[in-house]
Amino acid sequence: MGKQQNRVPLDSKVDLSDYDAGYTGDFKSKREAKEQVKANLLRMDELQERMFAEGKHALLIVLQAMDAGGKDSTIRHVMDGFNPQGCHVVGFGVPTELERDHDLLWRIQPHAPPRGHVTIFNRSHYEDVLVVRVNELVPKKVWQARYKAINAFEKLLADSGVTILKFYLHISKDEQKERFQDRLDRPEKNWKFNPGDLKTREQWGDYMHAFEDVFAKCNHPWAPWYIVPANKKWYRNWVVSSAIVEAMEKMDIKYPPAPEGLDKIVIE
Ligand code: AMP
Ligand code: MG
């Protein structure tokens, strides 16, 4: 397999079987990547502080993956670059009865990042066109109409100053097997094993198609999708942290101008 692009090309149909989940780019060693990740995290810290001070821009990071795809670990390792003050992580699980009685964005929208802040969605509104679609939890007509609603929602956020980055952490089915086995074998990991995940594993192909449709319908310059090769955690961390730094550099964040007269203040 040749060089792999991480950002999903616009207006193109993605076939996930063309994407190597074990891809590690041009890196000669894991150490080399880890050094770069360290530098990225330092830069994220600086940029976030400036973003917080300026209070104009916001950043929304959406993480999606198959089970054991590494969402929690990405939050643990990459988001370490952010100051917890000004950074929020929101997980979206099976909707409550009250949530199900509302439109799909009802539970999502209140968690959009306020100006100056970063919010990470651990799963998101996309579950409503992934798990819901694969398991036919609503009629086809209903989930099919959701892509449009999702696009409108994300455009509204983008127009309101939110930079949106969406990461699909791509692991292979073999890698998932190893990670599940690890959860079974190590007592301290047992709590992470969910027998229900085995059913989702059986639906692997259906999920891949559902993801491919998401990339075809909900990939825009203002809310791009990244397909992150995630079998190797160090490469995954490099891709995600590099994309965050690149996007934050583009925000052109400036410290707010100093209030007038600061130079005349004398502290006794
Ligand atoms: P976890 O991320 O391991 O805590 O699992 C959360 C579970 O909630 C996953 O099985 C998701 O598929 C499920 N989930 C999240 N959003 C929805 C939704 N909108 N409808 C149905 N299930 C969902
Ligand atoms: Mg789970």
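Start at 1 and go down the list; that is how both ligands and their atoms are numbered. As a basis for the values below, the full set of heavy atoms in this structure was taken, side chains included, without hydrogen atoms, waters or symmetry mates.
In this structure, F52 has its ring center closer than 6.0 angstrom to the ring center of H117. Ring pair Y207/W204: centre-to-centre distance not below 6.0 Å. Ring to ring, F121 and F92 are close: their centroids are under 6.0 angstrom apart. Checked against the 6.0 Å centroid threshold, W225 and F211 do not count as a close aromatic pair.
Within 4.0 Å of ligand 1, the residues that place a heavy atom are F92, G93, V94, P95, R107, R123, E127, D128, V131, V132, listed by chain and number.
Counted by atom type alone, N219 and K166 present zero donor-acceptor pairs between their side chains at under 3.5 Å. For the residue pair S124/Q64, the side-chain donor-acceptor check at 3.5 Å is satisfied.
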